Amino acid sequence: MTSTELVKGRYLVTGGAGFVGSHLCERLLNLGCEVIVVDNFITGRKTNVQALLRNSKFSLIEKDIVEPLEISGGLAGIFHMASPASPVDYMKYPIETLRVGAHGSDHILNLARQKKCPVLVASTSEVYGDPLEHPQRETYWGNVHTIGPRGCYDESKRYLEAITMAYHRVYGVPTRIIRIFNTYGPRMRTDDGRVVPNFCMQALANEDITVYGEGKQTRSFCYVSDLVEGILRVIQCDHVEPINLGNPNETSIFDFAQKIIGMAKSHSKIVYRALPQDDPKTRCPDITKAKKLLGWSPEVQLDEGLRLTFDYFKNI
Ligand code: NAD
Ligand code: UDP
């Protein structure tokens with residue numbers, strides 16, 4: 001199964017003006033699909049989809065999906081990507097984050113029920129919290145601090161998964177759940193606070209690279225085109241339970257900082273800042289399930305993905 005086999009119909013993308021959503025829209029249009037985006041621009045930007053607005057198969061609705069939503073006509077599928085995603089963003093907007101995961105998801109799942117179409121929802125590796133299992137398999141239930149500063153996001157996404165399964169069990173909606181692990185690439189906001197834009201912008205400006213804690217915590221970074229390919233395979237399969245999508249190539253944040261300095265040929269020095277509360281110590285996806293079910297695994301190496309990302313940050 002590949003993305004090219006996707007039914008060439010009319011798709012709704014919530015959060016389509018965000019980083020991942022805009023790449024997904026671009027790919028859908030390139031495949032010949034029609035795309036409707038609903039976004040309230042809380043963390044996304046119209047510029048992310050500016051070029052797509054010239055395409056007659058693309059339309060953009062500025063709307064908060066926490067409010068009820070009506071879309072006329074049929075839909076071939078829904079991709080529910082709307083939610084603040086960067087820790088800096090969701091800690092700035094904790095109520096909005098919880099509401100979009102709860103009320104927003106309810107509205108979108110109800111729309112899928114009305115339209116009798118599949119709906120894919122974007123969950124996250126954050127449902128595993130500060131994981132006690134490594135790498136994380138879909139069977140792991142997680143270790144989440146519900147009332148900590150990240151709880152607004154983690155619990156929003158855990159609720160998203162729960163209500164998605166409820167719509168499937170009660171109404172038979174064809175639902176899909178993906179758990180996305182750290183993804184990067186062009187169109188991330190330079191100020192979204194995530195490690196990739198922070199380190200890239202700091203290295204390009206020869207400013208200090210801010211490593212939080214001692215930099216021993218690990219992450220594994222997936223290039224956005226690999227994620228989009230995975231998303232388009234998941235919506236076509238009939239597997240209802242969560243599927244991890246991410247790159248299992250794990251690195252410590254300290255090593256990552258050194259890599260960025262080297263690639264940018266930067267004079268930046270590493271400085272250490274306080275580790276944010278509840279920052280997960282390790283994170284790495286077990287992608288055995290995605291490999292088996294979808295024949296999917298990431299193809300873009302970190303060096304190649306970072307080069308493309310640097311090019312983007314240099315040019316904006
Ligand atoms: P992003 O912030 O760039 O995009 C999210 C988009 O959703 C933005 O355009 C924002 O304006 C929109 N949005 C938020 N609340 C909304 C609302 N109430 N109504 C309408 N639109 C709303 O983030 P992203 O990195 O592109 O993440 C996209 C999705 O993938 C999110 O659901 C996120 O939780 C999930 N995810 C992303 C990553 C990652 O590494 N990028 C990792 C795990 C999960
Ligand atoms: N991080 C860092 N310096 C920064 C930004 C982030 O050391 O300037 C660390 C952060 O503490 C975390 C990792 O990089 O351990 C990834 O952070 P990010 O905000 O990208 O996403 P997270 O994986 O925490 O959701």
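Residues: numbered from 1 along the sequence shown. Only a predicted model underlies this, so the values are computations on that prediction, with no experimental measurement involved. Both counts, for ligands and for their atoms, begin at 1 and track the order of listing.
Close contacts of ligand 2 with Val211, meaning ligand atoms under 4.0 Å from a residue heavy atom, involve 7 (O). Set against the non-hydrogen atoms of Ile65, the atoms of ligand 1 under 4.0 Å away are 17 (C), 18 (N), 19 (N), 20 (C). Set against the non-hydrogen atoms of Val100, the atoms of ligand 1 under 4.0 Å away are 15 (N), 16 (C), 17 (C), 18 (N). Atoms of ligand 2 lying under 4.0 Å from at least one heavy atom of Asn182, given by number and element, are 21 (O), 22 (P), 23 (O). Close approach to Asn198 involves these atoms of ligand 2, each under 4.0 Å from a residue heavy atom: 4 (C), 5 (C), 8 (O). The Gln217 neighbourhood of ligand 2 comprises atoms 9 (C), 11 (O), 15 (O), with distances under 4.0 Å to a heavy atom of that residue. Residue Arg150 has at least one heavy-atom neighbour below 4.0 Å for each of these atoms of ligand 2: 22 (P), 24 (O), 25 (O). Interface of Ala17 with ligand 1, defined as ligand atoms under 4.0 Å from a residue heavy atom, comprises 9 (O). Shown in contact with Ser123 at under 4.0 Å from a heavy atom are these atoms of ligand 1, numbered in order with element: 44 (C). If you number the atoms of ligand 1 from 1 as listed, the ones under 4.0 Å from a heavy atom of Phe41 come out as 11 (O). Which parts of ligand 1 touch Met81 is read off a 4.0 Å heavy-atom cut-off, strictly below it: atoms 28 (C), 29 (C), 31 (C), 32 (O). Of all atoms in ligand 1, numbered sequentially from 1 with element shown, those under 4.0 Å from a heavy atom of Asn182 are 40 (O). Near Gly44, meaning under 4.0 Å from any of its heavy atoms, are these atoms of ligand 1: 8 (C), 9 (O), 10 (C), 11 (O).
Nearest protein heavy-atom neighbour of atom 10 (C) of ligand 2: Asp279 OD2, 3.3 Å. Of the protein's non-hydrogen atoms, Thr210 O, 2.6 Å is the one closest to atom 3 (N) of ligand 2. Residue, atom and distance of the protein heavy atom nearest to atom 16 (C) of ligand 1 are Asn40 OD1, 3.2 Å. Counting protein heavy atoms only, atom 20 (O) of ligand 2 is closest to Val195 N, 2.8 Å. Among all non-hydrogen protein atoms, the one lying nearest atom 5 (C) of ligand 1 is Ser83 O, 3.3 Å. For atom 38 (C) of ligand 1, the closest heavy atom belonging to the protein is Ile180 CG2, 3.8 Å. The nearest heavy-atom contact from the protein to atom 11 (O) of ligand 1 is Asp39 OD1, 2.6 Å. Looking from atom 23 (O) of ligand 1 to the surrounding protein, the closest heavy atom is Ala85 CB, 3.4 Å. If you check which protein heavy atom lies closest to atom 1 (P) of ligand 1, you get Thr43 OG1, 3.8 Å. Taking atom 39 (C) of ligand 1 as the reference point, the nearest protein heavy-atom neighbour is Arg194 NH1, 3.5 Å. For atom 18 (N) of ligand 1, the nearest protein heavy atom (residue, atom name, distance) is Asp64 OD1, 2.8 Å.
Here the shortest heavy-atom distance to atom 32 (O) of ligand 1, taken over Arg179, Lys157, His80, belongs to Lys157. Among Phe256, Tyr212, Phe221, Tyr153, the residue whose heavy atom lies closest to atom 7 (O) of ligand 2 is Tyr212.
In this structure, Phe181 and Cys222 have side chains that are not in contact, with every pair of non-hydrogen atoms separated by 4.5 Å or more. The shortest side-chain heavy-atom distance between Val38 and Leu69 falls under the 4.5 Å cut-off. At a threshold of 4.5 Å between non-hydrogen side-chain atoms, the residues Lys259 and Thr251 do not count as touching.
Under 4.0 Å from ligand 2, the heavy atoms of Ile253 that appear belong solely to its side chain. At a heavy-atom cutoff of 4.0 Å, ligand 2 is contacted by the side chain of Arg219 but not by its backbone.
Geometrically, ligand 1 and Ala82 share no nitrogen or oxygen pair separated by less than 3.5 Å. At a 3.5 angstrom cut-off on N or O pairs, Arg45 does not count as close to ligand 1. The shortest N or O to N or O distance between Thr183 and ligand 1 is under 3.5 Å. Remark: ligand 1 and Asp89 share no N or O pair separated by less than 3.5 Å (distance only, no angle test). For the pair Ile42 and ligand 1, the shortest N or O to N or O distance falls below 3.5 Å. Polar contact check, Val20 against ligand 1: a nitrogen or oxygen pair lies under 3.5 Å apart. Residue Thr124 places no N or O, backbone or side chain, under 3.5 Å from any N or O of ligand 1.
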- Message: What verdict does the side-chain hydrogen bond (donor to acceptor under 3.5 Å, both in side chains) test give for Arg27 and Asn30, after you've listed the backbone C-alpha separation in whole Å, the side-chain angles of each residue and the deciding distance to 0.1 Å?
- Response: CA-CA 5 Å; Arg27 182 84 183 108; Asn30 287 341; over 6 Å; no

- Task: Please step through side-chain hydrogen bond (donor to acceptor under 3.5 Å, both in side chains) for the pair Ser268 and Gln202, ending with a clear verdict.
- Result: CA-CA 7 Å; Ser268 295; Gln202 290 162 347; over 6 Å; no

- Query: Which is it for Leu132 and Tyr140 under the side-chain contact (heavy atoms from CB on, under 4.5 Å) test, yes or no, and what are the steps along the way?
  - Reply: CA-CA 9 Å; Leu132 304 176; Tyr140 178 48; 3.5 Å; yes

- Given side-chain hydrogen bond (donor to acceptor under 3.5 Å, both in side chains), test His134 with Glu250 step by step and report yes or no. CA-CA 11 Å; His134 192 78; Glu250 189 179 8; 3.0 Å; yes

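With salt bridges taken as basic N to acidic carboxylate O contacts below 4.0 Å, one links Arg189 and Asp89. We find that Glu34 and Arg10 are joined by a salt bridge, their nearest charged nitrogen and carboxylate oxygen being less than 4.0 Å apart. Ion pair Lys63/Glu67 not flagged as a salt bridge, since none of the NZ, NE, NH1 or NH2 atoms sits closer than 4.0 Å to an Asp/Glu carboxylate oxygen. A salt bridge links Glu161 with Arg179: the distance from a Lys NZ or Arg NE/NH1/NH2 to an Asp or Glu carboxylate oxygen falls below 4.0 Å. Using a 4.0 Å cut-off between a side-chain N of Lys or Arg and a carboxylate O of Asp or Glu, Glu126 and Arg150 qualify as a salt bridge. Between Arg219 and Asp279 a salt bridge is recorded (basic side-chain N to carboxylate O distance below 4.0 Å).
Residue Glu126 places no heavy atom under 4.0 Å from ligand 1. Distances from ligand 1 to the non-hydrogen atoms of Tyr153 include at least one value under 4.0 Å. Proximity of Gln202 to ligand 2 is not established, as no heavy-atom distance is less than 4.0 Å. Ligand 2 does not have Pro280 within reach: every non-hydrogen atom of the residue lies 4.0 Å or more from it.
To the nearest 0.5 angstrom, Phe58 atom CZ is 5.0 Å from Cys25 atom SG. The distance from the CD1 atom of Ile36 to the CG atom of Leu75 is 5.5 Å, given to the nearest 0.5 Å. In this structure, OG1 on Thr2 lies 11.5 Å from CG on Leu294, to the nearest 0.5 angstrom. To the nearest 0.5 Å, the span separating CD1 on Ile42 from NZ on Lys92 amounts to 8.5 Å.
A cation-pi arrangement is absent between Arg187 and Phe19 under the rule of less than 6.0 angstrom and at most 45 degrees off the ring axis.
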